[in-house]
Amino acid sequence: MNMKHVLIVFKKELIDMFRDKKTIISSILIPILIFPIMYGFMGFSQKRITKDVEEKGIAVAIESENKDASIVKFLESKEDLKITDVTDPDEAVKKGTVQAIIFIDKDFDEILKTNKPVPITIQYDDTNQTSMMAAQTIRQYISEFSSSVVTQRLTAKGIDTSILIPIDIQEKRTAPKGDDGIGMMIFAMIMPLMLAIYSATSVLPAATDNGAGEKERGTLEPLLTTQANRLSLLMGKYLAITVAGVIGTLASMIGLFIAQKSNPELLGKGMAIPITSILIIALASICLSLIFAAIELAISVYARSFKEAQTYLSPVTILVMIPAFAVYMMDPKNIADVYFHIPLVNIICIIKELIVGIYNPLHIAISFMWAIVYIAISIFFAKFMFDRESVIFRV
Amino acid sequence: MIIVKNLRKRFKDFEAVKGISFEAKEGEVLGLLGENGAGKTTTLRILATMLKPTDGDAQINGYDLLKEPEKVRAEIGILFGGEVGIYDRLTARENIRYFAELNNMKKSDIEKRIDELSNMLDMNEYIDKRVAKFSRGMKQKVSIARAIVHDPKVMLFDEPTSGLDVTATRVVHDFIQTCRAEGKVIIFSSHTMSEVEKLCDRVVIINKGEIVANGTIPELEKHFNNDNLEEVFMRLVGGAQ
């Protein structure tokens with residue numbers, strides 16, 4: 001290998017790549033914009049529902065023959081409940097004219113006096129978010145009413161209400177100060193998944209262009225007649241593809257960051273990950289890019305044309321999604337050691353651990369050792385393909 | 001000087017070149033004449049060290065094909081026919097410079113050489129423009145400049161005029177004449193009889209991977225008692241079928 005030749009190829013491929021508007025759009029612009037737009041829409045619809053409820057209140061129908069029952073009066077006194085009369089309750093809930101219907105027995109107060117539980121039915125549409133929120137609010141009010149009844153009953157018997165609370169739970173949360181646990185949990189789930197998928201997909205356009213694309217344009221043969229040997233050509237291309245992959249992954253992370261800042265109610269308020277962890281996460285995702293760049297370049301060199309390369313390469317991205325989704329829900333605090341020996345899974349698990357603040361040197365060492373092995377194997381595979389006459393001249 | 005000795009190339013279940021030997025000298029255009037699939041491109045690819053021969057050997061200006069492939073590549077320039085493979089998003093100059101750099105030329109020499117080639121091939125108007133919108137003839141010139149930027153002593157032409165219009169063909173023909181005048185060793189493969197007659201000093205006729213005739217055009221015509229190269233060719237190739 002001749003480092004001078006490697007650098008010449010590397011430089012040329014980067015220039016070539018970034019002069020292509022398609023590359024700029026697909027590997028920088030789209031990754032940056034996709035998350036803010038996606039979560040923007042999600043956040044927008046979420047906010048609209050909340051705002052609707054706040055402004056208009058919750059439309060509720062009370063079905064009872066006794067409108068003077070204490071519970072009816074209690075519910076009517078709540079400002080955010082807009083009590084509405086309906087003729088056909090089922091239809092009204094379905095259509096959304098009311099969010100929920102409360103069925104109350106006409107003898108509510110009589111039964112209550114006998115100290116027996118009084119049935120109340122809440123009907124709502126559990127496919128509708130607003131309706132579910134309404135049911136939740138109603139449940140809260142009813143339990144508020146229940147509590148007051150319990151207090152009255154106990155007071156009547158001269159018992160202190162504290163008898164009902166044998167244990168006073170004090171919660172102490174372990175998420176570092178200023179952070180929020182939910183944000184961390186969401187990030188520990190989404191980030192590794194995104195990093196894995198983006199590492200595989202960001203190298204795709206560059207890999208296609210550098211292998212099959214070069215073949216299809218007829219530039220590969222002249223290139224092979226220069227004094228640069230094949231390994232130097234391959235390594236130059238390989239590094240350029242990896243850089244494209246890293247840039248793409250970085251762009252998507254910036255996108256995720258923007259999305260999180262503008263929609264904290266969906267993605268949590270974020271957290272402070274120590275700089276060393278960020279560096280290790282970055283290194284881990286660069287490893288992923290290095291692995292996928294080599295595999296995808298090898299496949300792309302094998303393909304006869306652009307189109308063929310795309311056909312062969314799309315399963316690769318699906319292949320990444322399997323381990324990525326397999327550990328998606330896994331609790332980062334209880335990952336068994338064996339997972340750190342499974343390709344891809346280990347790197348994803350390392351990222352998960354680091355996000356929640358676990359720094360396990362053994363896990364990190366095992367995963368990176370394996371990563372080096374995978375990188376070596378994948379480069380070897382690419383070199384094997386690039387050296388084969390039947391692959392290079394497969395037209 | 002190119003000396004080819006008993007070169008063979010076998011692909012999986014097909015022998016494309018079946019032990020051919022020939023020589024090519026400085027200042028001489030050697031024509032490789034044969035039908036499609038006769039083994040011309042395979043032979044040239046072996047000489048350019050892109051393919052490894054199954055058997056046999058060749059020396060190019062004293063360098064051994066198998067032992068010193070990089071030195072061999074330093075001696076040769078190669079021009080392909082068909083679609084001109086150049087990088088659309090680079091300028092003509094960048095395309096040429098890329099190949100100059102990969103051929104180990106010094107930075108200071110490269111720019112001088114590109115200007116020289118640009119003058120010679122009349123490319124000054126568009127040398128710094130991106131090649132995407134170039135006409136076929138303009139692209140052809142870029143690929144010629146790219147092939148000879150490192151001033152190779154040996155030029156290999158693999159059906160360089162296939163698919164070219166009259167003007168672009170003329171550019172290539174003129175270029176071959178220039179190379180001959182400069183005393184380069186030239187191997188020129190073609191299946192077009194008129195082209196071979198016009199340009200070549202000597203002809204090697206290949207059929208199904210084997211050499212069926214080797215000599216100057218007058219020699220061949222005399223030997224086969226026919227004053228038409230095409231008919232000589234048809235007799236040799238047809239007879240072998």
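- Contacts between B:Y87 and chain A at a heavy-atom distance below 4.5 Å involve backbone atoms as well as side-chain atoms.
- For the pair B:K9 and A:E389, the minimum side-chain heavy-atom distance is below 4.5 Å.
- Only the backbone of B:I86 comes within contact range of chain A, with heavy atoms under 4.5 Å apart.
- Remark: the backbone N or O of A:Q227 is paired with a side-chain donor or acceptor of B:N103 at under 3.5 angstrom.
- Residues that satisfy the ring-ring contact (aromatic ring centres under 6.0 Å, His included) test with A:F306, not counting sequence neighbours, are absent from this structure.
- Annotation: side chain of B:R73 is in contact with side chain of A:N229 (closest heavy-atom distance under 4.5 Å).
- A:L220 does not touch chain B: none of its heavy atoms, backbone or side chain, sits under 4.5 Å away.
- Counting heavy atoms of neighbouring residues, nucleotides and ligands inside a 6.0 Å radius, atom CZ of B:R170 does not exceed 12 of them.
- Neither the backbone nor the side chain of B:R97 has a heavy atom closer than 4.5 Å to any heavy atom of chain A.
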>> Using the rule given for side chain to side chain contact (heavy atoms under 4.5 Å, CB included), can you reason through B:R89 versus A:K21, listing the C-alpha separation, both sets of side-chain angles and the distance that settles it, and then say yes or no?
In response: CA-CA 10 Å; B:R89 291 186 291 269; A:K21 283 197 194 88; over 6 Å; no
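- Contact of A:D387 with chain B is not made at all, since no heavy-atom distance falls under 4.5 Å.
- Annotation: side chain to side chain donor-acceptor pair (under 3.5 Å) contacts of B:S189 (sequence neighbours excluded): B:D158.
- By the ring-ring contact (aromatic ring centres under 6.0 Å, His included) test, A:F380 pairs with no residue at all, sequence neighbours left out.
- Using a 4.5 Å cut-off between non-hydrogen atoms, the part of residues 2-13 of chain A that approaches chain B consists of A:K4, A:H5, A:I8, A:V9, A:K12, A:E13.
- Looking at A:E216, neither its backbone nor its side chain comes within 4.5 Å of chain B, counting heavy atoms on both sides.
- Each of A:I15, A:T225, A:L224, A:L233 has some count of heavy-atom pairs under 4.5 Å with chain B, and the biggest count is that of A:T225.
- Two residues are said to be in side-chain contact when any heavy atoms from C-beta on lie closer than 4.5 Å; B:F11 and A:S390 fail this criterion.
- Residue A:F257 places its CZ atom among 12 or fewer non-hydrogen atoms of other residues, nucleotides or ligands, all under 6.0 Å distant.
- Using a 4.5 Å heavy-atom cutoff, the side chains of B:L102 and A:L223 are in contact.
- Between chain A and the residues B:I78, B:L79, B:N104, the most heavy-atom pairs under 4.5 angstrom are made by B:N104.
- For A:R388, the CZ atom counts as loosely surrounded, since its 6.0 Å shell holds 12 or fewer non-hydrogen atoms of other residues, nucleotides or ligands.
- Side-chain contact between A:R19 and B:L90 is present, with at least one heavy-atom pair separated by less than 4.5 Å.
- Here the shortest heavy-atom pairing between B:G85 and A:P222 reads O-CG, 4.5 Å.
- When heavy atoms are compared at a cutoff of 4.5 Å, B:K52 approaches chain A by way of both its backbone and its side chain.
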